[in-house]
Amino acid sequence: MKRILALFLAAVLALSLAACGGGGAPSPTAPPDGQQQPAQQTGDGAQLSGTVEYWSSWSETEPQADVIARAAEAFMEQNPEVKINITWNGRDLRKLIIPALEAGTQIDCFDHNADTVTALWSDYILDLTDFYQQAYPTTGGKTYEEYTMPAFVALAEKLGGGGKYVLPYAPQALLWNYNKDIFAAAGVSAVPATWEEFLAACEKIKAAGYTPITTDDLYAVNVYGYYLAKLKGDDWVFELVNDATKAMWDDPACLEAAKAIQELADKGYYAANVASNKFPSAQQEMVIEEKTAMYLNGTWLPNEVKNQTPEGFQWGAFALPNIAEGGDGAESNNFGAQCFAINKDTKYPNAAFALIQWLTSGEWDQKLADDSMGVPMANDATWPAALADAKACIDNTTQRLSWAVDMENDANVNAAIKTNMAMMISGKLDAKGFADAFGKTQKSA
């Protein structure tokens with residue numbers, strides 16, 4: 001399967017938050033003052049009804065869950081014949097959903113990250129293409145497809161092989177998050193666009209008395225994986241991870257990427273405790289101590305540490321830098337989203353889609369972004385100030401790199417990289433030792 005999603009220039013330009021103009025469905029007649037239109041009716045205009053069982057991958061204590069719970073209550077007020085029951089499974093949903101579905105448990109809709117839903121649960125989910133072509137009160141009379149950021153409509157189509165089996169929400173991207181005040185204090189006036197500029201920025205930051213980079217056991221593998229992807233391409237790395245013979249690990253590119261990581265360690269650009277950092281210690285140290293400049297993480301980072309972040313902290317973000325001359329630049333990044341899906345065997349497809357459309361458009365789309373410091377779905381929505389730079393990165397992305405460049409897909413590959421990366425960045429293993437140890441580990445697995 002091809003691993004890079006190339007978005008056409010027109011779609012990229014449409015990613016801007018300016019409202020879409022031109023054609024589309026006519027705007028509905030405004031309701032009288034003090035009244036709201038119903039969320040949705042069935043195709044023949046009948047009243048929605050039924051009990052919808054929604055299994056969520058959020059934990060009940062997360063801000064996203066709080067917004068979704070309030071939105072569901074508002075939905076039921078507008079649709080009194082519909083009952084919504086939410087089961088908060090947290091990330092355990094990944095291992096619970098298939099046994100529950102196969103046991104015949106009523107689950108009408110559920111959510112998880114886009115790649116998980118389509119890769120693991122494609123046999124259980126309904127094609128939502130027809131729903132995308134309908135207009136709803138919360139989308140201002142536009143079809144859902146017209147209302148939503150084009151990159152994420154394209155993502156749904158790509159993951160669905162042309163059909164739209166998921167409805168993305170809470171978009172996200174993996175980027176270099178950084179402290180703008182540290183960059184300014186170190187005299188780094190522009191974000192790095194190439195690896196050479198990245199190294200130069202690290203040197204300035206270190207010379208100014210700050211720590212250039214932090215990471216932890218959860219995110220360390222990403223630096224190595226994305227370096228390889230920028231060097232050789234996303235498809236090549238996918239083949240590397242899934243090479244049953246493990247012969248591809250002898251490719252010089254694997255050693256070259258290891259040498260790049262070793263150079264960061266040898267020059268003292270990593271935090272001193274980075275090899276032993278367990279998530280989420282690195283991200284908390286970054287905002288609490290304000291001594292660390294950069295952390296390769298997601299657009300979700302500012303929200304995850306908002307309770308520890310001091311007032312006035314200046315978040316910045318920049319795209320993965322270009323590695324090879326003529327290679328992929330700032331246009332090539334990982335991005336994705338949480339996604340809703342509907343059980344193909346549900347008795348209430350209209351009510352289930354009405355609910356997820358209600359949650360991902362209009363008032364509740366914006367509230368979800370505001371309360372979770374996240375990214376909204378609408379073209380004309382307002383982004384949190386902490387994600388202003390991230391918006392620009394997403395706007396300019398035309399090639400999608402898969403999550404962790406698939407290095408978490410194979411348990412042996414992931415475990416070996418994590419172990420040997422920790423040893424290399426702590427100085428216990430050099431790049432050649434990393435490549436040799438990793439190759440031997442894989443070939444004996």
Please walk me through it: do Asp217 and Asn277 pass side-chain contact (heavy atoms from CB on, under 4.5 Å)? CA-CA 6 Å; Asp217 62 321; Asn277 266 346; over 6 Å; no
Report the distance from atom [atom1] of [X] to atom [atom2] of [Y], rounding to the nearest 0.5 Å.
| X | Y | atom1 | atom2 | result |
| --- | --- | --- | --- | --- |
| Leu240 | Asp251 | CG | CG | 8.0 Å |
| Leu199 | Leu264 | CG | CG | 6.0 Å |
| Thr148 | Phe152 | OG1 | CZ | 10.5 Å |
| Asn343 | Tyr124 | CG | OH | 10.0 Å |
| Thr292 | Glu289 | OG1 | CD | 6.5 Å |
| Asn297 | Glu304 | CG | CD | 6.5 Å |

Under the 3.5 angstrom rule, does the side chain of [X] hit a backbone N or O of [Y] as a donor-acceptor pair?
| X | Y | value |
| --- | --- | --- |
| Thr143 | Glu146 | yes |
| Thr118 | Ala114 | yes |
| Ser332 | Asp328 | no |
| Ser361 | Gln357 | yes |
| Thr346 | Tyr348 | yes |
| Arg400 | Asn333 | no |
| Asp111 | Ser57 | yes |
| Gln308 | Lys306 | no |
| Asn79 | Glu81 | no |
| Thr138 | Gly362 | no |

So do the side chains of [X] and [Y] get within less than 4.5 Å of each other, counting heavy atoms only?
| X | Y | result |
| --- | --- | --- |
| Tyr224 | Cys254 | yes |
| Phe238 | Trp236 | no |
| Tyr227 | Glu256 | yes |
| Asn222 | Leu174 | yes |
| Asn396 | Glu331 | no |
| Ile68 | Trp88 | yes |
| Val166 | Leu128 | no |
| Leu175 | Asp389 | no |

Looking only at non-hydrogen atoms, find the nearest pair between [X] and [Y] and report the distance.
| X | Y | result |
| --- | --- | --- |
| Trp358 | Ala71 | NE1-O, 2.9 Å |
| Ala386 | Pro302 | CB-CB, 4.1 Å |
| Leu93 | Ser56 | CD2-C, 4.0 Å |
| Ser59 | Ala65 | O-CB, 3.2 Å |
| Asp181 | Gly312 | OD2-O, 4.3 Å |
| Cys109 | Ile356 | SG-CG2, 4.4 Å |

side-chain hydrogen bond (donor to acceptor under 3.5 Å, both in side chains), that's the test. Do Glu53 and Asn85 meet it? Break it down for me. CA-CA 5 Å; Glu53 298 288 343; Asn85 293 324; 2.9 Å; yes
Compute whether any side-chain donor of one residue and acceptor of the other, for Tyr295 and Asp216, lie under 3.5 angstrom apart. yes
Do Asp130 and Gln134 pair up side chain to side chain, a donor and an acceptor below 3.5 Å, judged on atom types alone? no
I need the single residue from Trp121, Tyr54, Trp55 that forms a ring pair (Phe, Tyr, Trp, His ring centres under 6.0 Å) with Phe110. Which is it? Trp121
Please determine if Lys142 forms a cation-pi arrangement with Tyr147, meaning its NZ or CZ atom is less than 6.0 Å from the six-membered ring centre and no more than 45° off the ring axis. no
Once the angle between the rings of Trp176 and Phe198 is folded into 0 to 90°, is it parallel (under 30°), tilted (30 to 60°) or perpendicular (over 60°)? tilted
For the pair [X] and [Y], find out whether any cationic side-chain nitrogen is under 4.0 Å from an anionic carboxylate oxygen.
| X | Y | answer |
| --- | --- | --- |
| Asp371 | Arg70 | yes |
| Lys344 | Asp127 | no |
| Glu285 | Lys278 | no |
| Lys83 | Asp108 | no |

The test is side-chain hydrogen bond (donor to acceptor under 3.5 Å, both in side chains); show your working for Tyr144 and Gln133 and say whether it passes. CA-CA 6 Å; Tyr144 194 87; Gln133 305 309 317; over 6 Å; no
For Val274 and Thr211: C-alpha separation, side-chain torsions, deciding distance, then whether side-chain contact (heavy atoms from CB on, under 4.5 Å) applies. CA-CA 11 Å; Val274 72; Thr211 299; over 6 Å; no
Taking it one step at a time, do Tyr269 and Glu203 satisfy side-chain hydrogen bond (donor to acceptor under 3.5 Å, both in side chains)? CA-CA 8 Å; Tyr269 296 157; Glu203 186 60 33; 2.4 Å; yes
Phe340 vs Phe353, test: ring-ring contact (aromatic ring centres under 6.0 Å, His included). Steps then yes/no. CA-CA 9 Å; Phe340 282 107; Phe353 191 85; 9.6 Å; no
Result of checking Arg91, Gln338, Arg94 against Thr116 for side-chain hydrogen bond (donor to acceptor under 3.5 Å, both in side chains): Arg94
Step by step, would you call Tyr165 with Thr129 a side-chain hydrogen bond (donor to acceptor under 3.5 Å, both in side chains)? CA-CA 7 Å; Tyr165 288 84; Thr129 301; over 6 Å; no
Report the C-alpha separation of Thr194 and Glu197 in whole Å, then their side-chain angles, then the decisive distance to 0.1 Å, and conclude whether the side-chain contact (heavy atoms from CB on, under 4.5 Å) test is met. CA-CA 5 Å; Thr194 67; Glu197 291 176 2; 3.3 Å; yes
I'd like to know whether Trp195 forms a side-chain contact (heavy atoms from CB on, under 4.5 Å) with Asn322, so could you lay out the CA-CA distance, the side-chain angles of the two residues, the decisive distance to 0.1 Å, and finally the verdict. CA-CA 6 Å; Trp195 191 252; Asn322 187 15; over 6 Å; no
For atom CD of Glu60, is the number of surrounding heavy atoms from other residues, nucleotides or ligands below 6.0 Å larger than 12? no
